[in-house]
Amino acid sequence: MSEDLELASYIDHTLLKPEASKEDILKVCEEAKEYRFKAVCVNPIWVSTVHNALKDSGVLTCAVVGFPLGATPTETKVFEAQGAVADGANEVDMVIDIAAARANDRDKLIQDISAVASAVHEGGAILKVIIETSLLSDDQKILACQAAAESDADFVKTSTGFNGGGATVEDVTLMRETVGDALGVKASGGVRSREKAIEMIQAGANRIGTSSGIAIVKGEQGTSSY
């Protein structure tokens, strides 16, 4: 396997801009198939479009839920996740109740995450949990990761890319140390170069969320954001 192809296999090719058109979404799907990225990550309204465009390609369909604030009721996140999975999502990236994490409310975090995890797993998909590291202290990041693990999530993810900050080596390292080998770690937000992506992988990430996937595999500097 070539180095570029191996790196591409870590990447969730991402387009979450609210103004994205169907043509924009289909272009991202074609790019993902060409470069053999791991997944295409989109807002829920585009899941069926992406699922159909990626059919038989080996590229996964990923949807975000409770995005980008996480400030919706758990029941709403569950409904949104069920709809995404029904439309063909293989993976769901949910935003936690950030206020609960900042309040050190472990029980509320577990309730929120586990309800979505159950819905996602029932549909045969996997759940990644976005903890929004830029808004949390290290202790709160640890708490959020522990809550994700206790709630049967499959991954923890650094950031939405919409609320300031983004993935850092320090946060990825902390998250990997917290979850061990039990969960995956997705570095997302501001990863726009090959060097940065490799740093994240070396720190413990086994998935990279970025809209600069093509630039990363080509060894160029990406400029686009979500």
Side-chain angles (χ1 to χ4, degrees), residues 1-14 16 32 35-41 60 62 64 67-68 70 91-96 98 101-102 109 113 126-151 153-226:
M1 179 181 290
S2 71
E3 182 180 348
D4 287 348
L5 184 56
E6 185 174 3
L7 187 56
S9 70
Y10 283 84
I11 292 174
D12 287 357
H13 200 36
T14 304
L16 297 170
Y35 289 91
R36 297 179 66 180
F37 293 131
K38 183 69 174 182
V40 170
C41 185
L60 302 176
C62 176
V64 293
F67 195 89
E91 304 184 341
V92 171
D93 291 15
M94 73 165 285
V95 186
I96 63 166
I98 298 167
R102 289 173 61 92
L109 282 172
I113 299 167
I126 74 167
L127 179 67
K128 306 192 205 88
V129 175
I130 307 171
I131 69 172
E132 203 65 284
T133 51
S134 65
L135 300 181
L136 304 180
S137 68
D138 282 354
D139 285 345
Q140 291 162 353
K141 294 168 194 174
I142 292 169
L143 172 64
C145 287
Q146 290 173 338
E150 292 176 33
S151 302
D154 302 285
F155 274 76
V156 285
K157 175 178 171 181
T158 59
S159 321
T160 63
F162 281 79
N163 291 318
T168 67
V169 168
E170 292 76 17
D171 283 338
V172 170
T173 300
L174 179 65
M175 292 165 70
R176 175 54 72 198
E177 289 174 348
T178 302
V179 302
D181 295 328
L183 276 69
V185 175
K186 179 174 174 179
S188 191
V191 183
R192 299 190 181 118
S193 70
R194 178 191 291 268
E195 293 74 21
K196 188 74 174 286
I198 291 172
E199 285 180 0
M200 296 298 168
I201 293 167
Q202 290 174 338
N206 46 358
R207 199 73 71 86
I208 305 291
T210 181
S211 55
S212 297
I214 295 174
I216 287 172
V217 297
K218 286 185 172 181
E220 300 171 353
Q221 178 64 46
T223 58
S224 59
S225 60
Y226 288 149

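- Taking every heavy atom of both residues into account, Ile131 and Leu136 meet most closely at O-CD1, 3.2 Å.
- Rounded to the nearest 0.5 angstrom, Asp171 CG and Asp138 CG are separated by 7.0 Å.
- When every heavy atom of Met175 is checked against every heavy atom of Cys145, the shortest pair comes out as CG-SG, 3.7 Å.
- With contacts defined as side-chain heavy-atom distances shorter than 4.5 Å, the pair Met94/Ile130 does not qualify.
- The closest donor-acceptor contact from the side chain of Glu220 to the backbone of Ser193 lies at 3.5 Å or more, if one exists at all.
- Between Lys157 and Asp93, at least one side-chain N (NZ, or NE/NH1/NH2) sits under 4.0 Å from a carboxylate O, which counts as a salt bridge.
- When side chains are defined from C-beta on, Val129 counts as touching Ile96, because their heavy atoms get closer than 4.5 Å.
- Between the OH atom in Tyr35 and the NE2 atom in His13 there is a gap of 9.0 Å [rounded to 0.5 Å].
- A heavy-atom distance below 4.5 Å is found between the side chains of Cys41 and Val64.
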| request: Evaluate the criterion side-chain contact (heavy atoms from CB on, under 4.5 Å) for residue pair Phe155 and Leu183; output intermediate values, then yes/no. | output: CA-CA 5 Å; Phe155 274 76; Leu183 276 69; 5.7 Å; no
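- Put simply, the side chain of Ser134 gets close to the backbone of Gly164: a donor and an acceptor are under 3.5 Å apart.
- Formation of a donor-acceptor pair under 3.5 Å by the Gln140 side chain with backbone atoms of Ser137 is found in this model.
- Looking only at side-chain heavy atoms (C-beta outward), Lys128 and Asp154 stay at 4.5 Å or farther from each other.
- Arg192 places no side-chain N or O within donor-acceptor distance of the main-chain N or O of Ser212, the cut-off being under 3.5 Å.
- Separation of atoms CZ (Arg102) and CG (Asp139) is listed at 13.0 Å; rounding is to 0.5 Å.
- Counting only heavy atoms from C-beta outward, the side chains of Val172 and Thr158 approach each other to under 4.5 Å.
- Salt-bridge formation is not detected for the pair Glu170/Lys141: no Lys NZ or Arg NE/NH1/NH2 atom is positioned less than 4.0 Å from an Asp or Glu carboxylate oxygen.
- The side-chain heavy atoms of Ile216 and Leu7, taken from C-beta on, include a pair separated by under 4.5 Å.
- Side chains of Ile11 and Thr210 form a contact here, defined as non-hydrogen atoms less than 4.5 Å apart.
- Ala187 and Ala205 get closest at one heavy-atom pair: CB-CB, 4.1 Å.
- Contact check for Asp12 versus Arg207: side-chain heavy atoms found under the 4.5 Å cut-off.
- Minimum heavy-atom separation, Pro68 to Glu132: O-OE2, 4.1 Å.
- Between Met200 and Val191, the shortest heavy-atom contact is CG-CG2, 4.3 Å.
- Enclosure of atom NZ in Lys38 is not indicated, since only 12 or fewer non-hydrogen atoms of other residues, nucleotides or ligands lie within 6.0 angstrom.
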| query | Is there a side-chain contact (heavy atoms from CB on, under 4.5 Å) between Leu127 and Ile113 once you walk through the steps? | reply | CA-CA 9 Å; Leu127 179 67; Ile113 299 167; 4.2 Å; yes
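- The aromatic rings of Phe162 and Phe67 lie perpendicular to each other, with more than 60° between the two planes, well past the 30° mark.
- Within the model, atoms CD1 of Ile201 and NZ of Lys196 stand 12.5 Å from one another, a figure rounded to the nearest 0.5 Å.
- Between the side chain of Arg176 and the backbone N or O of Gly180, at least one donor-acceptor pair lies under 3.5 Å.
- Under the 3.5 Å distance criterion, with hydrogens and angles disregarded, no donor-acceptor pair is assigned to the side chains of Gln146 and Thr178.
- Of all non-hydrogen atoms in Ala144 and Leu109, the two that sit nearest each other are CA-CD1, 4.3 Å.
- Distance alone, capped at 3.5 Å, is enough to place a donor-acceptor pair between the Asn206 side chain and the Val185 backbone.
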